[in-house]
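Let me begin by presenting the structure, written as structure tokens, before commenting on it.
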Amino acid sequence: MILVIVGPTGVGKTKLSIFLAEKYNAEIISSDSVSIYKNVNIGSAKPSIEETKGIKHHFIDRCSLNEEYSVYNYQTEARKVLNELIDKKKNVVIVGGTGLYIKALLYDYRFTKKTKEDEDFSNFSNLEIKNKILSLDPNNQIHVNNRKRMIRFLNSYEEKDTNNNNINTPLYDFITIGLTTSRDKLYEIINTRVDNMIDKGLLEEASNLFNKGYKKLDYIIGYKELNKYFRKEITYKESIEEIKKNTRKYSKRQYTWFNNQMKDIKWFDTNFIDFNKTIKEIEDYLVSFNIK
RNA sequence: AGAGGUGUAGUGUAAUGGUAACAUUCGGGUCUCCAAAACCUUAGCUGGGAGUUCGAUCCUCUCCACCUCUG
């Protein structure tokens, strides 16, 4: 049995996944592009050792912050782990907020294999790059301003898999559960969660990592804003507000992804006062699939 | 209470006696490897009233709100 748990940040996915993994004697595969890195513990809201209740968690602390790790690596490794667990007839709970990682793992999503060095486009304007693309692919839809995507396209064009039209075809049998809540409630939770992270020592954690100079941190919410504070670009208070704001925006994008890129999600409202009620609803739902 | 100043989008700021702008927030969206990323996009404003004027956000008066100083 493969159970997939999705939803925006802060709704209680981790808690639910551990409960269900314990109940169904499953191992957990995390689909989170940040907690896959070591040392970003508080800011990525990783479960503590006590919280994991001894359940095997894959892809948490998988690599170090100076390693390059992409969705392609994740897809390769996570499928391997997943296949092994299936062979062992082990139940699996896949949980995470990174939609692309989940989709790449479970659907027929194909990435191109790198065979040559990346070309340098720094001397080209966005429009010039776009025109290059159009000469190869007249119907290309990548927006002119999306330089990163355009360059990525050109650097992978030759190896492109032309049969890659199956990104919505699932490769496994799985049940997808979404946890959600009202927008207002979610924003409230995000705001207090950031404050809690600070209480738990996020500032110190971020400061230690900042001093080691990991570039990756400038891409991670909670660290990139504090880095700006450490560089004296903004005040401490401003950095906290930015963390909250960026987390809210992130959660919004997660909704967009899960609503539009993944089908067949059964959504449940999180009951924050009595989480057991949420769990009960989900258990009842799973019974309808003969999962007990 | 008196004197002065300021009122433009949720916020921060432009501009003009003739179609009110930029950033940002909010909302919506895109997605084949930095995805907690990158990018796109809808909407929204001249404090209220009166006057001058063909036409006022701009000039005048008044009310209201806020700020500073004096008491």
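In the text below, chain A, chain B and the rest are named by the order of the sequence lines, each starting its count at 1.
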Ignoring the backbone of [X], work out which of [options] is nearest its side chain.
{"X": "A:F111", "options": "B:C40, B:C26, B:U32", "answer": "B:U32"}
{"X": "A:V71", "options": "B:A35, B:C33, B:A37", "answer": "B:C33"}
{"X": "A:K216", "options": "B:C31, B:C34, B:C33", "answer": "B:C34"}
{"X": "A:K148", "options": "B:A35, B:C33, B:C34", "answer": "B:C34"}
{"X": "A:K252", "options": "B:C40, B:A37, B:G28", "answer": "B:G28"}

B:C31 OP1/OP2 closer than 4.0 Å to side-chain N/O of A:N260: no
Phosphate-side-chain proximity, A:R183 and B:G27, N/O vs OP1/OP2 below 4.0 Å: yes
Please give the nucleotide sitting opposite [N] as a Watson-Crick or G-U wobble pair, both distances under 3.5 Å, or none.
{"N": "B:U8", "value": "none"}
{"N": "B:U32", "value": "none"}
{"N": "B:G27", "value": "B:U41"}
{"N": "B:A14", "value": "none"}
{"N": "B:U68", "value": "B:A3"}
{"N": "B:A50", "value": "B:U60"}

Does [X] reach a base, just sugar-phosphate, or nothing at all? Heavy atoms under 4.0 Å.
{"X": "A:D32", "value": "base"}
{"X": "A:S44", "value": "base"}
{"X": "A:K103", "value": "nothing"}
{"X": "A:Y101", "value": "sugar-phosphate"}
{"X": "A:Y187", "value": "sugar-phosphate"}
{"X": "A:Q261", "value": "base"}
{"X": "A:G222", "value": "nothing"}
{"X": "A:K249", "value": "sugar-phosphate"}

Nearest-nucleotide 5' precedence on RNA chain B, A:K245 against A:I220: A:K245
5' priority, RNA chain B, between A:R152 and A:R147 [closest heavy atom]: A:R152
Can you tell me the distance, in whole Å, between the [atom1] atom of [X] and the [atom2] atom of [N]?
{"X": "A:F153", "N": "B:C31", "atom1": "CZ", "atom2": "P", "result": "15 Å"}
{"X": "A:Y107", "N": "B:C31", "atom1": "OH", "atom2": "P", "result": "15 Å"}
{"X": "A:Y219", "N": "B:C39", "atom1": "OH", "atom2": "P", "result": "11 Å"}
{"X": "A:N259", "N": "B:G29", "atom1": "CG", "atom2": "C1'", "result": "11 Å"}
{"X": "A:H143", "N": "B:G29", "atom1": "NE2", "atom2": "P", "result": "18 Å"}
{"X": "A:Q254", "N": "B:A35", "atom1": "CD", "atom2": "P", "result": "13 Å"}
{"X": "A:N145", "N": "B:C39", "atom1": "CG", "atom2": "P", "result": "8 Å"}

Modelled atom types, side-chain donor and acceptor of A:E205 and A:Y223, under 3.5 Å: yes
Within 6.0 Å of NZ in A:K89, more than 12 heavy atoms from elsewhere: no
Neighbour count >12 (heavy atoms, 6.0 Å) for atom CD, A:E204: no
Check ion pair A:D32-A:K13 (N to O, under 4.0 angstrom): no
Ring center gap for A:F268 and A:Y285 short of 6.0 angstrom: yes
Whole-angstrom distance between B:C22 and B:A43, as gauged at atom P: 12 Å
Side chain A:Y72 and base B:C33 donor-acceptor under 3.5 Å: no
Aromatic ring pairing A:Y107/A:F174, orientation class (parallel under 30°, perpendicular over 60°, tilted between): perpendicular
Whether A:W267 and A:F258 hold their rings parallel, tilted or perpendicular, with breakpoints at 30° and 60°: perpendicular
